[in-house]
Q: 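One structure is given below, represented as structure tokens, and several questions about it will come after.
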Amino acid sequence: MKSSNGNLIENQDAIWVFTNSNETLISSEKVMSKKSEFPFEQIFINRSNDFFQQMTNLNDEKSIATKDSLSLKKQNFEFPLETKKILGYHCKKAKTIINSNTIEFWYTEDLKVKAAPTILGQNLGLVLEMVRNGNFVIAATKIEKTKEFPVISLPKKNVDILTYKDLVWKSRFTTVEIFKDQIINFSSDSKSNDSILRFANGTIAVRKVKFPVIKSGSQIFADVTEQSNGDAYDRTGSFFIIPTDKEISFLNGLQNGVKSLPIYSNENGKDYQGVVATKNYNPIIEMMRFFTPFGVKQYNYLELKDKNWHDKVMYRQDISDLVNLLSGKEVWIGINIGNYDKGGHKVSANITIHPEEISTKAKDIVPLFCTNNVMEMAGQEYGTMFNHEKGLEVNFTLNKPMKNAKLRYITTGHGGWENGDEFVPKKNSIYLDGKETFSFKPWRQDCGSYRLYNPASGNFPNGLSSSDYSRSNWCPGMVTFPIYIDLGDLEVGTHTMQIKIPQGLPEGTSFSSWNISGILIGE
């Protein structure tokens with residue numbers, strides 16, 4: 001049985017070890033009683049030929065195995081002169097260090113057989129206790145003699161160990177593939193097909209995806225992989241959900257043109273399409289805001305001494321709070337990278353679902369706003385409404401009270417070259433029902449950490465690369481993570497949220513803008 005820090009681990013599946021002079025099987029109580037959930041692993045040791053096979057049943061119909069004829073012979077131990085009795089048997093001590101972990105074994109030679117609850121220590125004797133770092137213990141609780149050795153059916157075909165580990169790892173969670181090697185570019189030749197719709201001259205890809213029912217407490221992650229397919233510049237990207245629960249959706253704007261979306265106006269002389277929730281419209285919900293680096297892969301031929309460029313950039317973010325939008329539903333999901341390059345970018349995107357044995361209540365979600373103009377290449381206005389005192393304002397109505405409400409807020413500043421809001425910290429202030437609730441200056445000072453993603457980044461006389469410079473909450477080649485702003489308990493009725501940012505003035509042909517998005521999450 002397993003224990004940690006002196007406490008028995010609850011609800012554990014007891015390890016069962018069967019052994020004789022020729023072979024050993026490491027299994028478990030639930031596996032042997034056919035009550036184990038998939039995937040489950042068993043290990044078979046052939047002592048005559050000194051090899052072991054790991055076998056995992058992925059489901060009722062599929063199992064995989066790998067064979068190792070070398071590892072058992074390579075295990076090295078120290079043998080301190082210590083002894084003790086376990087279950088009435090005289091035991092000796094062995095010790096080894098694996099990956100900075102000190103592991104101690106107590107084994108007996110009284111029974112004339114060899115075995116252990118893991119691959120480690122198989123040739124010592126019969127291991128009755130293993131102790132890792134002095135605080136995690138696997139200890140035998142009973143030894144019985146059986147008449148027969150269990151019969152197991154090992155797959156005839158073995159895969160290499162890395163393939164085996166990869167397949168076992170992937171079997172432990174569900175992967176929903178959204179996009180695979182999808183080109184996001186700017187070209188009139190960009191066309192839709194039966195499963196993926198292309199909009200804004202190819203800078204947006206959208207498809208409908210069916211999600212399984214997701215168990216309470218599961219962890220959900222979004223991941224995106226990007227490579228340049230021609231574009232050398234850092235660009236704004238968004239991996240988003242299109243809510244379709246109201247009369248009008250962002251999909252209408254994609255299909256019928258940006259002018260078909262509701263207009264937001266704050267008296268600054270411009271109209272902003274589809275940026276705030278209305279009675280009959282919800283804006284997109286950003287699962288992930290990401291930024292492409294300067295030309296990763298496509299421009300890796302631009303060599304610099306001691307710079308080994310990465311082949312791709314990978315973005316990964318926890319989106320577990322959005323489970324109510326996905327579980328058991330068909331959902332329109334899109335991805336966008338704003339660019340004017342015919343080659344553009346190549347992206348893959350997945351959502352992975354990782355089951356947990358935790359009972360939690362799914363959160364209610366209310367979309368509020370998104371000024372990220374993902375339809376920029378189809379005429380959607382930049383988020384420049386913050387040059388007016390009113391900023392961005394949205395009214396929303398709750399039909400029932402919301403406890404522990406939080407605003408999931410993503411913000412990035414853009415434009416204006418060196419004097420613009422991309423490179424000048426600006427205070428974001430959030431008001432709820434007329435009162436300032438939260439304010440901060442979103443700023444990233446770690447952009448130089450990601451230099452190896454940016455082969456085409458410009459280099460300046462001061463010794464810095466463009467990708468090194470600190471920015472308003474983003475870096476080339478990184479995710480911008482949401483922050484969660486506590487709003488307390490909200491009552492039934494209509495509420496007003498307002499976002500104010502001291503947006504910089506235009507300089508010549510350059511101007512500043514802010515891409516912000518927000519959803520309300522609560523119980």
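Computed from a predicted structure; not experimentally measured. In what follows, residues are counted from 1 in the order of the sequence shown.
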Q: Can you confirm whether more than 12 heavy atoms, excluding those of Lys210, are under 6.0 Å from its NZ atom?
A: yes
Q: When you check the side-chain N and O atoms of Gln42 and Ser27, is any donor under 3.5 Å from an acceptor?
A: yes
Q: Check the angle between the aromatic planes of Tyr450 and Tyr453 and answer parallel, tilted or perpendicular using the 30° and 60° thresholds.
A: parallel
Q: Distance from Asp181 atom CG to Lys346 atom NZ, nearest 0.5 Å?
A: 5.0 Å
Q: Would you call Lys84-Glu82 a salt bridge at under 4.0 Å N-O?
A: no
Q: Would you please say whether a donor-acceptor pair under 3.5 Å links the side chains of Asn123 and Gln75?
A: no
Q: Within a strict 4.5 Å, meaning less than it, do heavy atoms of the Asn428 and Asn473 side chains meet?
A: no
Q: Does a side-chain heavy-atom distance below 4.5 Å link Ile516 with Tyr409?
A: yes
Q: Does the side chain of Ile143 come within less than 4.5 Å of Leu111's, by heavy atoms?
A: yes
Q: Which atom names give the shortest non-hydrogen contact between Trp309 and Asn300, and what distance separates them?
A: CD1-O, 3.3 Å
Q: Does the side chain of Asp486 reach to within under 4.5 Å of the side chain of Phe438, using non-hydrogen atoms?
A: no
Q: Say you draw a straight line from CD of Gln498 to CG of Leu432; how long is it, rounded to the nearest 0.5 Å?
A: 11.0 Å
Q: Please check if the number of heavy atoms outside Asn308 that lie under 6.0 Å from its CG is greater than 12.
A: no
Q: Determine whether Asn46 and Phe51 make a side-chain contact, defined as any pair of heavy atoms from C-beta on separated by less than 4.5 Å.
A: yes
Q: Looking at Val127, Val113, Leu128, Leu87, which one forms a side chain to side chain contact (heavy atoms under 4.5 Å, CB included) with Thr108?
A: Leu128
Q: Do you see a donor-acceptor pair shorter than 3.5 Å between the side chains of Thr292 and Glu226?
A: no
Q: Would you confirm whether Asp489, through its side chain, and Asn404, through its main-chain N or O, come within 3.5 Å as a donor-acceptor pair?
A: yes
Q: Are any of the side-chain nitrogens in Asp321 or Lys406 under 4.0 Å away from the carboxylate oxygens of its partner?
A: no
Q: Evaluate the side-chain proximity of Lys67 to Ser69: yes if any heavy-atom separation is below 4.5 Å, no if none is.
A: yes
Q: Around atom NZ of Lys329, are there more than 12 heavy atoms of other residues, nucleotides or ligands at under 6.0 Å?
A: yes
Q: With heavy-atom distances below 4.5 Å as the criterion, would you say the side chains of Pro243 and Ile285 are in contact?
A: yes
Q: Check whether Thr494 reaches the backbone of Thr397 with its side chain - one donor and one acceptor, N or O, closer than 3.5 Å.
A: no
Q: Could you label the plane-to-plane angle of the Phe79 and Tyr107 rings as parallel, tilted or perpendicular, counting under 30° as parallel and over 60° as perpendicular?
A: perpendicular
Q: Measuring from Ile333:CD1 to Phe211:CZ, what's the distance to the nearest 0.5 Å?
A: 3.5 Å
Q: Donor-acceptor pair, distance only, cut-off 3.5 Å: does the side chain of Gln227 make one with the backbone of Asp311?
A: yes
Q: Taking atom NZ of Lys246 as the centre, does the number of heavy atoms from other residues, nucleotides or ligands within less than 6.0 Å exceed 12?
A: yes
Q: Assess, by modelled atom type and distance only, whether the side chains of Thr19 and Thr24 contain a donor and an acceptor separated by less than 3.5 Å.
A: yes
Q: Can you see which heavy atom on Ile410 is nearest to which on Pro482, and at what distance?
A: CG1-CB, 3.7 Å
Q: Quick check against the 3.5 Å criterion: does Gln12 have a side-chain atom that pairs as donor or acceptor with the backbone of Lys2?
A: yes
Q: Judged by modelled atom types alone, do Thr352 and Thr175 share a side-chain donor-acceptor pair under 3.5 Å?
A: no
Q: Distance alone, cut at 3.5 Å: any donor-acceptor contact between the side chains of Asp160 and Thr163?
A: yes
Q: Any side-chain to backbone donor/acceptor pair from Asn99 onto Asn101? Under 3.5 Å, distance only.
A: no
Q: A cation-pi test, strictly: NZ or CZ of Lys426 under 6.0 Å from the centre of the six-membered ring of Trp514 and no more than 45 degrees from its axis. Yes or no?
A: no
Q: Using every non-hydrogen atom in the two residues, find where Arg444 and Val479 come nearest and quote the distance to one decimal.
A: NH1-O, 3.3 Å
Q: Under 30°, 30 to 60°, or over 60°: which ring-plane class applies to Phe396 and His495, parallel, tilted or perpendicular?
A: parallel
Q: Going by heavy atoms in the side chains, are Arg47 and Leu72 under 4.5 Å from each other?
A: no
Q: Considering non-hydrogen atoms only, spot the tightest contact between Leu58 and Val168 and give its length.
A: CD2-CA, 4.5 Å
Q: State whether the number of non-hydrogen atoms from other residues, nucleotides or ligands found under 6.0 Å of Met314 atom CE is greater than 12.
A: no
